[in-house]
Amino acid sequence: QVQVVQSGGGLVQPGGSLRLSCAASGSMFSFGAMGWYRQAPGNQRELLGTITSGGRTNYADSVKGRFTISRDNANNTVYLQMNSLKPEDTAVYYCNAGSGGRVYWGKGTQVTVSS
């Protein structure tokens, strides 16, 4: 079965950095585009950015210049490097991966930015 496993969440101080990882595996087909989302309590899920299999990225204005998405196609892993973190970045962060015309979601990981 397809698995999307996330890691790297935790507590960080304002201005700090954190890197999230998302590893996809188990598909009969190759993985294409992958994306990062977040959801804070009481808010809708927000698209942060996407990356194609070729490495082309798009970012939401809210994180542009602070967050960077990259991927390692050999391991079907996508990364979210988060810098200059703010308290308003506190949320559950989710990744997803497309394969064979379907989208698979990770379980999410909590990121808390607080002093």
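Computed from a predicted structure; not experimentally measured.
The hydrophobic cluster containing Val113 also contains Leu80, counting ILVMFWY residues as joined when their side-chain heavy atoms lie under 4.5 angstrom apart, directly or transitively. Side-chain heavy atoms closer than 4.5 Å link hydrophobic residues (I, L, V, M, F, W, Y) into clusters, and following such links, possibly through other members, connects Val12 to Phe67. Both Trp36 and Ile51 belong to a single network of hydrophobic side chains, linked directly or stepwise wherever heavy atoms of I, L, V, M, F, W or Y lie under 4.5 Å apart. Tracing side-chain contacts under 4.5 Å through hydrophobic residues (I, L, V, M, F, W, Y), one never reaches Tyr94 starting from Val5; they form parts of separate clusters. Val103 and Val4 are not part of a single hydrophobic cluster, where members link through side-chain heavy atoms under 4.5 Å apart.
The shortest side-chain heavy-atom distance between Glu46 and Tyr37 does not fall under the 4.5 Å cut-off. Counting heavy atoms from C-beta outward, Ser30 and Ser53 have side chains that stay 4.5 Å or more apart. When side chains are defined from C-beta on, Thr90 does not count as touching Val111, because their heavy atoms never get closer than 4.5 Å. Considering only heavy atoms from C-beta on, Leu18 comes within 4.5 Å of Leu85 through its side chain. Contact annotation: the side chain of Ile69 never approaches that of Arg71 to less than 4.5 Å [non-hydrogen atoms, C-beta and beyond].
Nearest heavy-atom pair across Ser27 and Val2 is CA-CG2, 3.7 Å. Among all heavy-atom pairs drawn from Met34 and Ala24, the shortest one is CE-CB, 4.2 Å. Between Gln81 and Ser17, the shortest heavy-atom distance links the atoms NE2-CB, 4.0 Å.
Panel note: side chain Ser114, backbone Thr112; no donor-acceptor pair is recorded below 3.5 Å. Using a distance-only test at 3.5 Å, with no hydrogens or angles considered, no donor-acceptor pair links the side chain of Asn75 to the main chain of Thr77. A donor-acceptor contact shorter than 3.5 Å is absent between the side chain of Asn76 and the backbone of Ser25. Of the possible polar contacts, one joining the Ser99 side chain to the Phe29 backbone as a donor-acceptor pair under 3.5 Å is found.
With rounding to the nearest 0.5 angstrom, the SG atom of Cys95 is 15.5 Å from the CZ atom of Arg38. A distance of 9.0 Å separates CZ of Arg66 from CG of Asn83, quoted to the nearest 0.5 Å. Here the CG atom belonging to Leu48 is positioned 6.0 Å from the OG atom belonging to Ser62, to the nearest 0.5 angstrom.
More than 12 non-hydrogen atoms from other residues, nucleotides or ligands lie less than 6.0 angstrom from CD of Gln110. More than 12 heavy atoms of other residues, nucleotides or ligands lie within 6.0 Å of CD in Glu88, so this atom counts as buried by the packing criterion.
Partner Met82 forms a side chain to side chain contact (heavy atoms under 4.5 Å, CB included) with one of Leu20, Val63, Asp89 and no other, that one being Leu20.
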Would you please test Val78 and Phe31 for side-chain contact (heavy atoms from CB on, under 4.5 Å) and show each step?
CA-CA 11 Å; Val78 65; Phe31 288 96; over 6 Å; no

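Arg45 forms a cation-pi arrangement with Trp105, by the criterion of a distance under 6.0 Å to the ring centre and an angle within 45° of the ring axis. Annotation: cation-pi pair Arg19/Tyr79 present, NZ/CZ under 6.0 Å from the ring centroid and within 45° of its normal.
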